[in-house]
Amino acid sequence: MDTTEITTLLDARSAAIHAKDLDRLMSFYADDIVYFDVVPPLLYQGAAAMRDRFADWFARWSGPIGQQAHDVHVEAGGDVAVVRMLIRTSGTLATGREVGYWVRATDGLRRGAGGWTIAHEHVSLPVEFPQGTAAMDLVPGG
């Protein structure tokens with residue numbers, strides 16, 4: 001199956017995040033999205049919860065949010081697809097601190113009359129045990 005539509009959607013989503021364009025970003029998500037994030041609670045469910053989550057996240061940055069996808073792998077068949085990737089998020093926080101870190105992401109997409117939407121997203125960071133701290137200094141291939 002040609003996965004160009006899906007990779008185009010992911011690139012457009014990254015551009016919306018970079019621009020902190022909340023309305024455009026929400027257009028890539030299904031109304032019944034289930035989202036597992038790196039921050040509490042255990043899950044966000046539904047477009048309204050996601051809109052609030054993304055609005056809060058955008059407010060924590062003083063400028064554009066860098067989004068660099070790496071090792072994107074798409075498996076698609078029929079009206080469902082799964083994508084796994086690493087994403088480097090970078091930029092300047094509202095506190096003035098420069099950050100850059102890699103997260104792991106998995107997206108479940110479904111195709112409807114309007115095209116592909118993200119119905120499930122899981123973003124995570126590895127945890128250093130026994131300290132219980134996020135390992136935010138890892139890089140792909142390292």
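This chain uses plain numbering: 1 for the first residue, then up along the sequence. The structure presented is a predicted model; accordingly, all values stated were derived computationally and were not measured.
Closest heavy-atom contact between Gly100 and Arg88: CA-NH2, 3.5 Å. The two residues Met26 and Ala47 make their nearest non-hydrogen contact at CE-O, 3.4 Å. Nearest heavy atom pair, residue Phe28 against residue Ala16, reads CE1-CB, 4.1 Å. Considering all non-hydrogen atoms of both residues, Ala76 and Ala81 come closest at CB-CB, 3.7 Å. Closest approach of Ile33 and Glu121 over heavy atoms only: CD1-N, 4.1 Å.
Expressed to the nearest 0.5 Å, how far OG1 of Thr117 lies from CZ of Arg110 amounts to 5.5 Å. In this structure, the separation between OG on Ser62 and CZ on Arg97 is 12.0 Å, given to the nearest 0.5 Å. A distance of 7.5 Å separates CD in Glu75 from CZ in Arg84, rounded to the nearest 0.5 Å.
A single hydrophobic cluster is not seen to contain both Leu125 and Leu138; linkage of ILVMFWY side chains at heavy-atom distances under 4.5 Å, directly or through other members, places them apart. By the criterion of side-chain heavy atoms lying less than 4.5 angstrom apart, applied directly or through intervening Ile, Leu, Val, Met, Phe, Trp or Tyr residues, Met136 is grouped together with Val39 in one hydrophobic cluster. In the hydrophobic cluster analysis, where Ile, Leu, Val, Met, Phe, Trp and Tyr join through side-chain heavy atoms closer than 4.5 angstrom, Val82 is grouped apart from Val72. Val38 is connected to Leu25 through a chain of hydrophobic side-chain contacts under 4.5 Å among Ile, Leu, Val, Met, Phe, Trp and Tyr, so both are in one cluster. Taken together through direct or relayed side-chain contacts under 4.5 Å among Ile, Leu, Val, Met, Phe, Trp and Tyr, Val103 and Val34 form parts of separate hydrophobic clusters.
A heavy-atom distance below 4.5 Å is not found between the side chains of Ile65 and His18. No side-chain heavy atom of Ile87 sits under 4.5 Å from any side-chain heavy atom of Trp102.
Ring orientation note: the planes of Phe58 and Phe54 are close to parallel, at an angle under 30° on the 30°/60° scale.
Annotation: Tyr44 is not in aromatic contact with Tyr29 [ring centroid separation under 6.0 Å not met].
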Worked verdict on Ile17 versus Arg24 for side-chain contact (heavy atoms from CB on, under 4.5 Å): CA-CA 9 Å; Ile17 291 171; Arg24 183 154 187 241; over 6 Å; no
Asp71 vs Met85, side-chain contact (heavy atoms from CB on, under 4.5 Å): CA-CA, chis, key distance, verdict: CA-CA 5 Å; Asp71 290 338; Met85 68 198 111; over 6 Å; no
Evaluation steps, side-chain contact (heavy atoms from CB on, under 4.5 Å), between Leu9 and Ile118: CA-CA 9 Å; Leu9 178 146; Ile118 301 168; 4.0 Å; yes
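A donor-acceptor contact shorter than 3.5 Å is absent between the side chain of Arg51 and the backbone of Leu22. Under the 3.5 Å distance criterion, the side-chain polar atoms of Lys20 are matched with a main-chain donor or acceptor of Gly63.
Put simply, the residue from Val123, Asp107, Leu43 that forms a side chain to side chain contact (heavy atoms under 4.5 Å, CB included) with Tyr35 is Val123. Of the residues listed (Leu10, Ile6, Thr3), the one engaging Trp116 in a side chain to side chain contact (heavy atoms under 4.5 Å, CB included) is Ile6, and it is the only one.
The environment of Asp32 atom CG is dense: over 12 non-hydrogen atoms of other residues, nucleotides or ligands sit within 6.0 angstrom.
Counted by atom type alone, Gln67 and Thr89 present one or more donor-acceptor pairs between their side chains at under 3.5 Å.
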